[in-house]
Structures are given as C-alpha cells and as structure tokens.
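Here is the structure we will look at, set down as structure tokens.
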Amino acid sequence: NKPKNRNGSSSFPNEMGHTTTLATCSLNQWALDFEGNYERILRSIQVAKKQGATYRLGPELEICGYGCNDHFYEADTFMHSFEVLAKLIAHDDCKDIMVDVGLPVMHKSVRYNCRVIFLNKKILLIRPKLHLAEGGNYREERWFTPWSKVRTVEDYYLPRVIRAVTGQTVVPFGDGVVATNDTCVGCETCEELFTPNSPHIHMGLDGVEIFTNGSGSHHELRKLDKRVDLICSATRKSGGVYMYANQQGCDGERVYYDGSAMIVLNGEVLAQGSQFSLKDVEVISATVDLDDIRTYRGAIMSRSMQASESASYPRQDCNFNLTTDNPLLPPDSKRAVHFHTPEEEIALGPACWMWDYLRRSGMGGFFLPLSGGIDSCSTACIVASMCRLVCKEASEGNEQVIADARRITGQKDYIPKDPQEFAGRIFHTCYMGTENSGKETRARAKNLASQIGAYHLDINIDTVVASVGALFAAVIGKSMKYRVHGGSDRENLALQNIQARLRMVLAYLFGALLLWARGLPGSLLVLGSANVDETLRGYYTKYDCSSADINPIGGISKADLRRFIAFCITKFNFPALAEILHAVPTAELEPITENYVQSDEADMGMSYDELSEFGRLRKVSMCGPYSMFVKLVEKWKSLSVDTVKDKVKHFFRSYSINRHKTTTLTPAYHAESYSPDDNRFDLRPFLYNAKWTWQFARIDEKAESLKADSGRLDRMEAGLLPSQVSSSAVASAAGEDGDVNPAAATKRVARSTSTRAKRKN
C-alpha cells in the first residue's frame, strides 16, 4: 500500500497519473420494480466501464425507486433492496469499478435513506442521509430519520444475503468518506446540496476532492438554473469535482424527475445529461486532472487557513486507484450549460411523463375531449410532442421504446416512424358539441386533430342533455331555464353542469370502447385539461372533463399555456393554433345571444394574469388575505385601494368556497410552484369559513388607514399630476416586463362573479 497523507491522496503529489474518468447517470426507475431497476442499474455500470470510468454514481434510492412512499414502512422493501444489492455486488460487470448506489437501510431499528459504496465484492461505506427533504412534494421524514451523528461512523451488521456475497460481517455506517490510494471521495444526497450548511463545505475543507450527489429531484418550470447554480457553487469557492446523478421519468407519481446529470470541476461544467428523455438509461462521464483541484485550492489562502483548522472525517481506506497514468487521456474542457425555454419544458416534460404512464399502465392510448380552446389544445399538442419523441427514439434504435410501441399498438413488428401515423393509432379526440357550441371551436378542434394525425370524432350531445333535463322535469314538475331565457342563477348553473358532467361520462365510455370499435386491443386513458389557475380559483365543474385519468397541464398556468400554443404554431407547424391563440376563452355552456357571449374571465371576476399573481402570493410568498392585500396595494399602484381590496376578497371567497374540489383532482403533472394540488403539495382545509370575517376586517382597517393618508389618496385615486408622469408609470400602464396590468384587466372583466362564477356543487 502507498503511504497516505491526511486527505487520503498519495503522499507523492508530483508523481504522474492524476487523471481520472468519472461517470454519473440518469435512470428511469419505477417504484418497487426491483427487477427493472436492477437491470437499469447494471446497464449503467456496464456503460460507465465502457467509457473508461473508475467511479459510477447513481440516483437516490435507485434500487427500490424514490416514490415508494408508505411502502418504506414494509420490511419487504428493505429485504428486496438488499437482494438487489447482493446481485449487483456479485455480478462480474461490477468488478474493478467503484459503485455508488442508493437504497433504504435499517440500522438499530431506524430507517435511513442511504448510499452504499462497494468495490470488488466489498462494501466500503454505508452513508446515511443527514438532511431530509421536507418541502413541497417531499415528505422524507415520514419514512426516514436523518443521521445526526456528524463525522461519526458505527458498525453495521450486514444481513445474510450480503454476507454470503462479500464475506463481511460488519461494515462502517455513518458520516464518513472513502480514501483511495490517490484521492478522497465524499457523499451528499439530494437535499444536502440545497441546505445552507451543506456537508460538501466541511468535507472539502478536510481534503475531500470528489463529491457525489445521488438525487431524486423533480421538474418544475424554470427550476433547473437554481440546481445548476448550487452544483457549480459547491466547488467554485473551494475547488473539487462535483458529480450529480438524478432519476429521470415518472416513477408512479405526479412528478417527473428531470435527469440533468452533471459533472462539475472547480465551478465549471464538464458534462451535462439531458433534462427530458425517453431513454431509460443515460450515462455521462468526464475525465478530470486532480492536480487542477489541488492548484485551484492552493491559490485560495483563506481556504487553506480554514482547512488547516477543520475537523477530520472518519476515512475508510481502499487500496484502489481512481486515477490512471495513461498520458493519452486528456482532461475534458468546460462546456456551456444548456437550458430549455419554458415553452420547450412544457413540450418535453409532460410528454415524457405521459409516455411513461402510458407504457407502464398497460393501456392502448389516450382519449381527449377536444373543445377547441387553449387548454384542451395544449394537451393535444403535448401528445403530439410525445409522438415525435417516440418516433425519434425509434429511428435511433431505442429498443425499449420500440418494444413499448409494439405492445401499445398490438402490432408485433411495428416501428413508429411518422408522428402523425403513430398519433392515429394511439391518440383519440372528440368534440362533444351542444346547441351552445360555436362553429368556430368545432372547426378548430377538427383542424388541429387533423394536423396532429389523431383519430377524431365530432358528435352532438344535445339529445343526452335534453333527456337529463326531461327526467328532472318529470320528477320535480318544473323545467330549468338558462338565465338569458328568464331562469334563475341556480337553474343556469345546473344546466351548465349537466353538459359538463355528461361529457365526463361520455369520455370514459369512449375511452373504454373506442379501440374495441376500431377492432384494436386495449382501452384508452382519458386525459384532462384543466390549468393550474382555474383549479386554484375553482372555475370548473366537479366531476366534469377535468376528471380524468391524468392531466398533463394541471400544473401549468394559462399565461404559460398561451406562450406554449404560440411556440407550437411554428415548432410543430400547427397553423390551426393561430386562431385558437387569439380567441376569447369561453366554456360555451350558455346560449349565445346578440347581447351576450360567455367569457371565462368575466365569469371568474378576475383575469388569468391576476389569478397567477394571487396564486404565487398565496403559495410561494405564503400570504394570507391581509398580507396579500398589503403587497398588492404596493404593486398595483394603478388601482385604487378599494379596488385592490375587493379583488383580494373576491379571490379568497372564490378560492375557499371551491377548495373542496381539489380533493378530487385528477393526478396532474407537477410543473408550477403555486399548484393547489391537495394530494401532497398544497395541504389545506377543504371546508373554510368563506366569510373570512377577522381577516377581511383587518383589510378594511388597513384600507381606511391608507386612504386617510392624503398623499396616498392623491396618487392612487386622483391620479398623478401631469408633471409627475414618468416613463415607469407609462410602462406600468402598458404592462411591460410581464407584470400584471390590473387596470387593463379590470376593463376586460366586464362584471364581477358573485352569481356567474362556478360555485360549490
């Protein structure tokens, strides 16, 4: 054995051979799919070895899958995870490469989320997670306990299935690092990168040169840059190599894990994996010169001072070289980081999530009620994007995609080549018109379906609607009328809801039997198309077409969907979308007259832009009614205090009255930070005191206080003096920089909601 210095690297810093090739990966794991997960892990190790890597890093809890949830309470999950680990350790392809895998481990009757590092049939270290993820969609402390013994390692007694392979009885368990002959490796797991006092800070000061992070991080619009900044900053201040692995795909939940595996040296990206992909296994590698770390660190004297005083980590010695003395192995150079635009994220993320759901559900395709509006057309465009991704992967020889496409279509020798042709096999749309539907929306739906290649139906459901109304009249002895025909608000709403709910019933009927009618095997998944803003406001009918098997746009705002539709016009060459983009959003559930055309924003009593503002303040900024009012009074200076007050009160009344609807939400792709998803992300009561008496009283008091300020009153209600008008005021009125323009929105919203808004049903 070579003598070791304190940081675990060779005592001879000037000897040749400091380049090493490191590999990380993104894997499309599936919760509790132990056989499939094993095969994908093994394949990633095989690819890493072919790329010349001496270290392979995998995602968090990759053996069992991250989304096991309450299955982590079961002893079976731990037992099967160790069985898979034993099979990996014993496999010949796992020799001569240091392998870092994630799995749950029970130690002293406590469950831990762990990394296991093994080499040549020996476990070197079991490293439990120190800081668990508890925000947003994450509930790790429900199942696991954080390891709180910093820089402490204990004996872990291995189960028999592992002892039989390794010949070991006891291995180190705890907050330690692995020292090879030439460097030192330390682990982080997902959330530990995001914490203020991250372990890599202290490991780096103690001489650890290679940091690994096996993660289970999901996609959210505009989130990747934050993750990349954290990964780069981890080594920018004090040097080192940071390896990041992530899951990629739908492992059985509402989130999509968005890959983006990465290798960073001294704050510069050397390798980056794809964010969205249909590949089950993606391995990236980079060759680094460890001397680049040492010279980088040596030039930072303040770091050297702190490092000389740092506490030591327990080191697990390993007689193995990660580096090579091959002079023909040059280090990789830095590269630019690739970020998708939000429109590309919408086109790719939900499409990959839907493909995983379709192929793993055993169903034969999708059924979508296509109304000709922005929401349902956005869902259709995402399916079209999925078809393009499938055909692209098939053309590149992706055997798993080809096998899945053959199973879905029921054609043994089928290879998807043309997106339109493939859509015609697996994507079914239907326009369900009534006497209240417009010719324009019917034509838009038909034209878009044709351009996508979908199997399209155009039907009229008036007879079904009339029969339900006739049944009610026969039982009650009264007939319902729309408001425009002299009916009450309650009658008007009931007649709208009959149409909406019948569409849901018919969607599931066609979803069950449409493939049978076409002489094809299987059934169809029903797709929903309610956006995040309408869900937040409760502007939909409970158990209407928002009720479906999955909803790819349920976490996306109306504003983002508008931009996505504009993107699809040119990206996918769908000219039918141009008219849809500029049409006024309408439910088409009431009769059209010379004096009245139904409008979504008028029905809601607020604009979609305002809804997004309310949503972000409620969830992201964690504002109640009073705090929201105070913030919006400052932001919406073009409106009077009373107008802002009324808008905030109207939002909270509408939100609280309709919150019960979120308890039955269709599982939706998580994409937005202010999603009202009641399943896990946004935990709130569903029975509110919708009067908000105390909170609204405080708003009233604050409003009166503001109006008492004469200067404030002059600025906000009398308007600025001509000499005071500035370019910023003009910009605010014009809605520049993407800010909400409430004054303009108020003009668009012709009347308030009280009776016209969708109510608790």
Side-chain angles (χ1 to χ4, degrees), residues 533-534 536-539 557-559 584-585 599-658 674 690-757:
D533 295 322
E534 292 174 350
L536 173 67
R537 165 63 175 73
Y539 183 66
S557 71
K558 193 77 164 188
V584 175
S599 163
D600 289 349
E601 290 187 333
D603 278 359
M604 293 190 296
M606 60 191 74
S607 71
Y608 284 106
D609 287 340
E610 288 172 344
L611 255 178
S612 293
E613 190 74 58
F614 293 141
R616 288 190 174 88
L617 287 173
R618 181 198 70 97
K619 177 66 176 178
V620 182
S621 299
M622 293 169 280
C623 289
Y626 178 80
S627 298
M628 185 181 292
F629 168 71
V630 171
K631 288 182 181 294
L632 289 179
V633 161
E634 290 299 317
K635 186 167 186 177
W636 291 353
K637 293 182 179 180
S638 59
L639 295 182
S640 70
V641 171
D642 283 340
T643 300
V644 176
K645 178 186 71 175
D646 291 343
K647 285 180 177 291
V648 170
K649 286 184 176 182
H650 178 54
F651 165 73
F652 272 98
R653 286 195 196 98
S654 303
Y655 157 76
S656 55
I657 287 171
N658 290 288
Y674 66 91
K691 296 179 181 178
W692 298 87
T693 50
W694 186 281
Q695 296 91 330
F696 286 1
R698 292 286 289 115
I699 290 177
D700 290 338
E701 291 171 9
K702 183 66 175 178
E704 292 304 315
S705 174
L706 290 173
K707 289 191 292 183
D709 181 341
S710 58
R712 186 70 166 171
L713 182 63
D714 291 341
R715 290 195 302 275
M716 303 191 74
E717 298 201 345
L720 295 175
L721 295 175
S723 60
Q724 293 176 299
V725 175
S726 64
S727 59
S728 62
V730 174
S732 177
E736 291 181 3
D737 300 323
D739 286 340
V740 175
N741 186 346
T746 303
K747 294 178 182 178
R748 290 199 306 270
V749 179
R751 46 195 164 75
S752 70
T753 301
S754 57
T755 58
R756 299 199 48 75

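Keep in mind that what you see is a predicted model, and the values were worked out from it rather than measured.
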Any side-chain heavy atom of Leu611 sitting closer than 4.5 Å to one from Lys558? no
Quick check for you: to the nearest 0.5 Å, what is the distance between Ser607 atom OG and Lys647 atom NZ? 6.5 Å
Please enumerate all residues that pass side chain to side chain contact (heavy atoms under 4.5 Å, CB included) together with Lys631, with sequence neighbours excluded. Leu617, Cys623
Which donor-acceptor pairs under 3.5 Å do side chains of residues 695-702 form with protein atoms, sequence neighbours excluded?
from   : atom 1 : to     : atom 2 : distance (Å)
Arg698 : NH1    : Glu701 : OE1    : 3.1
Asp700 : OD1    : Lys649 : NZ     : 2.6
Asp700 : OD2    : Lys649 : NZ     : 3.2

CG-CE distance between Leu632 and Met628, expressed to the nearest 0.5 angstrom: 6.5 Å
Locate the shortest heavy-atom distance separating Ser599 from Val584; write the atom from each residue and the value. OG-CG1, 4.0 Å
Worked check of side chain to side chain contact (heavy atoms under 4.5 Å, CB included) between Tyr674 and Asp533: CA-CA 9 Å; Tyr674 66 91; Asp533 295 322; 2.6 Å; yes
With a 4.5 Å limit on heavy-atom distance, are the side chains of Glu610 and Phe651 in contact? no
Considering all heavy atoms, the nearest Gly605-His650 contact: O-CD2, 3.7 Å
Let me confirm one number: the CG-CD distance from Asp642 to Glu704, rounded to the nearest 0.5 Å. 7.0 Å
What I want to find out is whether Arg537 reaches Glu534 closely enough, with some N-O distance under 4.0 Å, to be called a salt bridge. no
Distance-minimising heavy-atom pair for Asp609 and Ala559: OD1-CB, 4.2 Å
When the ring planes of Phe652 and Trp692 are compared, do they come out parallel, tilted or perpendicular, using 30° and 60° as the limits? perpendicular
Scanning both residues in full, the closest heavy-atom pair of Gly615 with Leu536 reads CA-CD2, 3.4 Å
Heavy-atom closest contact (Arg618 atom, Tyr655 atom, distance): NH1-OH, 3.2 Å
Looking at every heavy atom in both Val644 and Leu639, which two are closest together, and how far apart are they? CG2-CB, 3.9 Å
For the atom pair CG (Leu706) and OG (Ser640), what is the distance rounded to the nearest 0.5 Å? 11.5 Å
